[in-house]
Every structure is written in structure tokens, then in C-alpha cells.
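Naming convention: chains lettered A, B, ... in sequence-line order (proteins, then strands); numbering from 1 in each chain.
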Amino acid sequence: MIQAVRGMNDILPGDTPYWQRLEAEIRGVLAQYGYREIRFPIVEKTELFKRSIGEVTDIVEKEMYTFEDRNGDSLTLRPEGTACCVRAGIQHSLLSNQQVQRLWYMGPMFRHERPQKGRYRQFHQVGVETFGMSGPDLDAELILMSARLWQRLGLDGLVLQINSLGTAEARAVYREKLVAYLNQHREQLDADSLRRLESNPLRILDSKNPQMRALVAAAPKLSEYLDDESREHFATLCGLLDAAGLRYTINPCLVRGLDYYSRTVFEWVTDRLGAQGTVCAGGRFDVLVEQLGGKPAPAAGFAIGLERLLALVRDQLQPQYLPHAYLVLVGQAAQAQGLVLAERLRDAQPGLRLVTHCGGGSFKSQFKRADKSGAQVALVLGENEVAQGTVGLKYLRENREQEIVSQGVLAEHLMGALTSSSIAGK
RNA sequence: GUGGGCGUAGCUCAGUCGGUAGAGCGCAGGAUUGUGAUUCCUGUGGUCGUGGGUUCAAAUCCCAUCGUCCACCCCA
């Protein structure tokens, strides 16, 4: 048997209604804030990710699906969307002349990691990216928008952590101080931290090893090395969040794995997903556009891991996907008439979800199918009904008497029988 | 990439000391021939993940491999 690629999952019919519902809620919130969808390819030039995410990051060094196409170009399945979005924005002049853009995208991303709970090799993200707005008010909007989404989904228990990374220059100064400090205590560092001392020393700050905690606690603080503008930016953001009544934790150790972030970074975290607790993460990346060859433009955004989010809210979603009615057809004449009748019903009630029985069979077996379909009612067209121009209407989920309805008024009758809201509502 | 747990029917799982497999659910059909879901009866089901090895004999013991889950790591 040929199986799906490891870490890449099929989403089956039992799950897709939940995905669709989740995606619809997200689209709804994004629309409330005036964000517009952008779509870009799943494959990009490898160079794009090397230059944006950073050559020495784990993603670029060992997690990308990179291959040569038939021209010999090095291409990569996108491991994230920000770089793609910026590339598309630059290419189509969406970001020049101080233009303001509020964009979003949704789709699969690819990283070659060892699969575990909440972490897959093909996973799905909703990404939000904004351009041309440098102030903390935009940062606050992004965070409030994500908070609104949790509220709309009935999701509580997420904790908001925020921090400021300052400018690249300020961070470089701090990095030197931090490396100097850690080198003084080299003998206390664990193997991971020694490795990160070379690659990404800031990550040592959020080491999970408890033995590192005292060392980290006494380390120089990034906040003490922030440039004045970043400091003020961050203070204003905190004030805006306070004014909006949003609770947050300032986490001085919150850093990002991708190189392009600057100033504000934030994460929404849960303790209900095991080791992969970050549901949403983002921040500001003011230098990325220029770094990728565009005119300088401030930018900020975030990404949501859809598998993780769905795991948290699945039980609260109420997807509507079961058919309203199942048409039982017994006899040659009924089979021929039934298809036509079903089409007429769909013409008259576009919101009606009607399954027509195919393949014949006894009344008994067809009613079994009707029941298993989840339909609220069975419509019965047999020899008697054909002869009389009627349809039997049996309620499968409630204790009501079976009805005989003239075919001419069936569409109208169904509206009442099924409660109009359930047909009108998608 | 590293470590640990687990792979038996469509699903959830039994399977003793090594003697070539069972249950429940599901699925199909039936219970005086036009009515589901309950009940009863019957039937359908498996290359025991895969490939080697040990043995007269392997679901069972050993090795490898693949998959899966969890953690490290990484990240959304």
C-alpha cells in the first residue's frame, strides 16, 4: 500500500466540516478589520527563504523541502508565508510609495521536522501581514484582532506574552554582552546552550532546562539595551493594550526563531497542547521589505497554526453539514421522477441539503441509509406516491406523525417542516 | 537529528508457557414481502505493519526497517 508521506495528513470528510467552519470564522474576523486576502505559490526560489528567515536558522539549515527543478533552479516548498507575501508585495508594487496594506493568506506550509502532537511536516497557517504602518497602534490592532478571534471561537485560556527585540543594532550590542556573560559561565551551560552560543545565543534565554534558569535570570536584560524609540514604542503598545482591557505578560525571554523580527514580538500560548503550545505568534519586521529588495516599508504580522487552533476549539464548533432530507425512491417510475423532483426542490430552496438515494433497494435498506445520512427527514417516493402525485414525509429525529404532501407544495412545506433557519443558514 | 512507548478485522482492543487467531462496535442480509434508529438471528470480515533470523513450530523470542504517539530539539 502506498501511504501518505510521513507527517503529511489527509483531512477526511469527517473533519472537513470543522476546518471549513474554523476558516469561515477566521475570514469573518479578518473582514471585520478590513484585511484582504492574497494568494501566492506554494513553491518559491530557495534564495527567498535564505535571505528572509536567515541562513543559520534551523528552518533553513535542516527543515526545508528543497529540490532542483528541471532547469536546475533551486526551489523550496514554503516553510512559512511572510517571505512569500513580502516577495509578492514587492513584485507587484503593493508596498511602494508609503502604501498601506492589510493582507492575509491561508494554506499549507512545509517543514521537515519530526512529527509529534501539534507539529506536522505539512501544516496549515493563517498569516496576517501589514505594511506601511510603523506605530504601536497597528501592533495593538493585530493583537486585538487575534484576541477577538479567540473570543468568537469560544476559546479561553490562551495567555498573551509580549516583548520587544528592539532594532537590529540594539540587539547586536546586547548579543555581544550576552555572549560575553555566558562565556564567563561556560562551564554551567548545557550541550544545547553551548551549541546555541554560536548560532542563536538569544534562544538560550528561553531554554527549558531548569538548571539554566538561575544563569539566565542573572544574565544581562535585553530591555536594558533597547534603543529609545523601541522603548517608547513598546511602552505605548502596553498602554494601548491596557486601555483595551487586554491582559498580557511581558516575557523578557521571548525571542523568535526567525531572523527578520524587530521591536514587538508576541505569542499566544496554551498549556493544553503538550510541548507545542504556541497557537499564534507574530511581531514586527520593519527591515524585511528592504532586505528583500523593496523600498523600505515598516511591516508587522502574525501567523496562526490551524491544526493547533482546531485541536483547541473543535468541540465548540458546530459545523452544519448533515443533509436536511434524504429522498427514498422505490420502483422504476419513482427513480425517474425522483431525480427531477429533487432538482425542482433544489431550484426552489437553494439552501436545502438533499441527498437522493441511488442504486435502488428495498424500503428498509433505503431507510437505513436515510437514517445513517443524518438527515432530519426522509422523503418517500414509491409507487403509491407516484400514482397520487404526492411524497411521504417522515421525521427521523423527532416523534411526529408521517405526512403526505402534494409534490407541488413540497418545497414550501419543507421550509416549515425543517424550520426556516436551518435551511437559510448555509 | 536524539530518546522512549505502541503497531492483531473498517474502528477500539483481547490473545496464557511459542502450537498458523478472538470479542465488542461497524458493515451486509433477515425476523409474513411500504419504513430507519431499539431488540433478536445469520453472515462479512485479518499477508498479526514489512523483511530477515532462531525453532519441528512465531502474533508471541531476536535483529532490521517502516509507520504512529510522546518528549528533547524546533516552532505556528
Side-chain angles (χ1 to χ4, degrees), chain A residues 1-9 12 14 53 57-64 79-82 106-128 146 158 190-193 195-196 199-200 203 206-209 254-258 261 265-270 273-283 301-312 326 328-331 334 357 361-386 392-399 402 404:
Chain A
M1 178 181 52
I2 298 178
Q3 296 185 41
V5 174
R6 178 172 197 191
M8 303 200 184
N9 300 312
L12 301 177
I53 297 170
T57 57
D58 276 23
I59 292 178
V60 170
E61 278 184 339
K62 45 197 181 195
E63 294 177 1
M64 295 205 303
E80 58 109 31
T82 300
M106 191 182 296
M109 307 292 164
F110 302 84
R111 292 181 201 172
H112 190 103
E113 298 181 275
R114 185 88 160 243
Q116 71 183 70
K117 188 183 185 71
R119 187 170 81 181
Y120 308 99
R121 290 184 174 178
Q122 176 177 331
F123 61 103
H124 297 80
Q125 282 187 341
V126 169
V128 172
S146 57
L158 288 190
D190 59 16
D192 278 330
S193 296
R195 184 174 49 76
R196 283 186 288 216
S199 59
N200 194 346
R203 286 220 68 98
D206 66 354
S207 170
K208 283 184 188 171
N209 186 345
L254 182 64
V255 295
R256 313 266 58 221
L258 290 68
Y261 284 100
V265 291
F266 66 92
E267 279 190 19
W268 288 94
V269 181
T270 178
L273 288 178
Q276 310 299 327
T278 302
V279 177
C280 170
F302 64 79
I304 299 172
L306 286 181
E307 281 82 358
R308 293 178 188 180
L309 181 56
L310 186 58
L312 291 173
Y326 190 102
V328 168
L329 301 169
V330 179
H357 184 89
S362 65
F363 275 96
K364 186 184 181 67
S365 63
Q366 292 199 34
F367 266 91
K368 278 192 177 181
R369 297 290 177 84
D371 181 52
K372 269 186 295 189
S373 78
Q376 293 176 50
V377 300
L379 302 177
V380 186
L381 192 61
E383 286 176 22
N384 298 342
E385 288 80 4
V386 168
L393 196 162
K394 173 163 180 167
Y395 295 89
L396 297 170
R397 314 290 156 201
E398 46 192 319
N399 198 5
Q402 190 164 330
I404 297 171

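- Residue contacts shown for A/Val330 are absent, as no nucleic acid heavy atom lies under 4.0 Å away.
- Across all strands, A/Lys394 comes closer than 4.0 Å to base atoms (heavy-atom distances).
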Which is it for A/His357 and A/Val330 under the side chain to side chain contact (heavy atoms under 4.5 Å, CB included) test, yes or no, and what are the steps along the way?
-> CA-CA 9 Å; A/His357 184 89; A/Val330 179; over 6 Å; no
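- Remark: A/Thr82 OG1 to A/Tyr261 OH distance equals 5.5 Å, nearest 0.5 Å.
- A donor-acceptor pair under 3.5 Å is absent between the side-chain atoms of A/Arg203 and the main chain of A/Val255, judged by distance alone.
- Across all their heavy atoms, A/Phe367 and A/Ala378 have their closest contact at CE2-CB, 3.8 Å.
- The base of B/U35 has none of its N or O atoms less than 3.5 Å from a complementary donor or acceptor on the side chain of A/Gln366.
- Only the P atoms considered, B/G49 is 14 Å distant from B/U12, to the nearest whole Å.
- The side chain of A/Arg196 places an N or O atom within less than 4.0 Å of a non-bridging phosphate oxygen (OP1 or OP2) of B/C74.
- For the C1' atom pair drawn from B/U60 and B/C6, the interatomic distance equals 16 Å after rounding to whole Å.
- Look at CD on A/Gln3: it is 17 Å from P on B/G7, rounded to the nearest Å.
- Comparing A/Ser365 and A/Gly305 by the nucleotide of RNA chain B that holds the closest heavy atom to each, the one mapping nearer the 5' end is A/Ser365.
- Protein atom CD1 of A/Ile53 is 13 Å distant from nucleotide atom C1' of B/A76, rounded to whole Å.
- The distance between atom NZ of A/Lys372 and atom P of B/G26, rounded to the nearest whole Å, is 10 Å.
- As rounded to whole Å, 11 Å separates atom P of B/A76 from atom CZ of A/Phe266.
- If you take atom C1' in B/U8 and the same atom in B/G4, they sit 22 Å apart, rounded to whole Å.
- Pair check for B/G22 finds B/C13; Watson-Crick or G-U wobble, both atom distances under 3.5 Å.
- Taking side-chain N and O atoms only, A/Lys62 has no distance below 4.0 Å to OP1 or OP2 of B/G1.
- For the pair A/Phe367 CZ and B/G29 P, the interatomic distance rounds to 15 Å; values are reported in whole Å.
- Taking every side-chain heavy atom of A/Asp371 into account, B/A37 is the closest of B/C73, B/A37, B/G3.
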From CA spacing to verdict: side chain to side chain contact (heavy atoms under 4.5 Å, CB included), A/Leu393, A/Leu379 = CA-CA 5 Å; A/Leu393 196 162; A/Leu379 302 177; 3.9 Å; yes
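- Residue A/Asp58 places its side chain closer to B/C74 than to any other of B/A76, B/C74, B/C70.
- As judged by a 4.0 angstrom heavy-atom cut-off over every strand, A/Gly331 is placed among residues making no nucleic acid contact.
- Along RNA chain B, the nucleotide nearest to A/Gly274 and the one nearest to A/Asn9 differ in position, and the one closer to the 5' end is contacted by A/Asn9.
- How far CD1 of A/Ile59 is from CD1 of A/Ile53: 5.0 Å, rounded to the nearest 0.5 Å.
- The base of B/G34 lies outside donor-acceptor range of the side chain of A/Gln402, with no N or O pair under 3.5 Å.
- Neither OP1 nor OP2 of B/U35 sits under 4.0 Å from any side-chain N or O of A/Arg369.
- Between the side chain of A/Arg119 and the base of B/C74, at least one donor-acceptor pair of N or O atoms lies under 3.5 Å.
- If you check distances only, the side chain of A/Lys364 never reaches the base of B/U35 with a donor-acceptor pair under 3.5 Å.
- Applying the 4.0 Å criterion to OP1 and OP2 of B/G26, one finds that A/Lys368 has every side-chain N and O outside that range.
- Distances were taken from every side-chain heavy atom of A/Ala281 (C-beta onward) to each of B/C73, B/A76, B/C70; the shortest belongs to B/A76.
- When both pairing distances are held under 3.5 Å, B/C75 makes no Watson-Crick or G-U pair with any nucleotide shown.
- Nearest nucleotide to the A/Gln276 side chain, out of B/A76, B/G36, B/C74: B/C74.
- For A/Arg121 and B/C74, the CZ to C1' distance is 13 Å, given to the nearest whole Å.
- Look at A/Phe363 and the base of B/U35; the rings do not stack under the cut-offs of 5.5 Å between centres and 30° between planes.
- Pairing for B/C6 is with B/G67, a Watson-Crick or G-U wobble pair whose two hydrogen-bonding atom distances lie under 3.5 Å.
- Atom CZ of A/Arg196 has more than 12 neighbouring heavy atoms from other residues, nucleotides or ligands inside a 6.0 Å radius.
- Under the Watson-Crick or G-U wobble criterion, with both distances below 3.5 Å, B/A59 is left unpaired in every strand shown.
- The C1' atoms of B/G36 and B/C27 are separated by 16 Å, rounded to the nearest whole Å.
- Comparing B/C72, B/U2, B/C75 by their closest approach to the side chain of A/Thr278 singles out B/C75.
- The residues A/Asp371 and A/Lys368 are annotated as not salt-bridged, no charged nitrogen and carboxylate oxygen being separated by less than 4.0 angstrom.
- No donor-acceptor distance shorter than 3.5 angstrom exists from the side chain of A/Arg121 to the backbone of A/Pro115, with no hydrogens or angles considered.
- The number of heavy-atom neighbours closer than 6.0 Å to CD of A/Glu383, taken from other residues, nucleotides and ligands shown, is 12 or below.
- With both ends at atom C1', the span from B/A28 to B/A9 equals 15 Å, rounded to whole Å.
- The side chain of A/Arg6 places an N or O atom within less than 4.0 Å of a non-bridging phosphate oxygen (OP1 or OP2) of B/U68.
- The A/Ala275 side chain lies nearest to B/C72 when the options are B/G36, B/C72, B/C27.
- Between the P atom of B/U68 and the CE atom of A/Met8 lies a distance of 11 Å, rounded to the nearest Å.
- Base-pair partner of B/A28: B/U42 (Watson-Crick or G-U wobble, both distances under 3.5 Å).
- Nucleotide B/C73 holds its C1' atom 14 Å from the CZ atom of A/Arg111, rounded to whole Å.
- Among the heavy atoms of the strands, none lies under 4.0 Å from A/Glu398.
- Among the nucleotides B/G3, B/A76, B/G34, the one closest to any side-chain atom of A/Phe123 is B/A76.
- Looking at heavy-atom distances under 4.0 Å, A/Tyr120 makes contact with a base.
- Here the separation of B/A58 from B/G15, taken at their C1' atoms, is 14 Å to the nearest Å.
- Residue-to-nucleotide contacts include a donor-acceptor pair under 3.5 Å from the side chain of A/Arg308 to the base of B/C75.
- Only the C1' atoms considered, B/A57 is 8 Å distant from B/G18, to the nearest whole Å.
- For the C1' atom pair drawn from B/G46 and B/A59, the interatomic distance equals 11 Å after rounding to whole Å.
- The shortest distance between the side-chain N/O atoms of A/Gln116 and the OP1/OP2 oxygens of B/A71 is below 4.0 Å.
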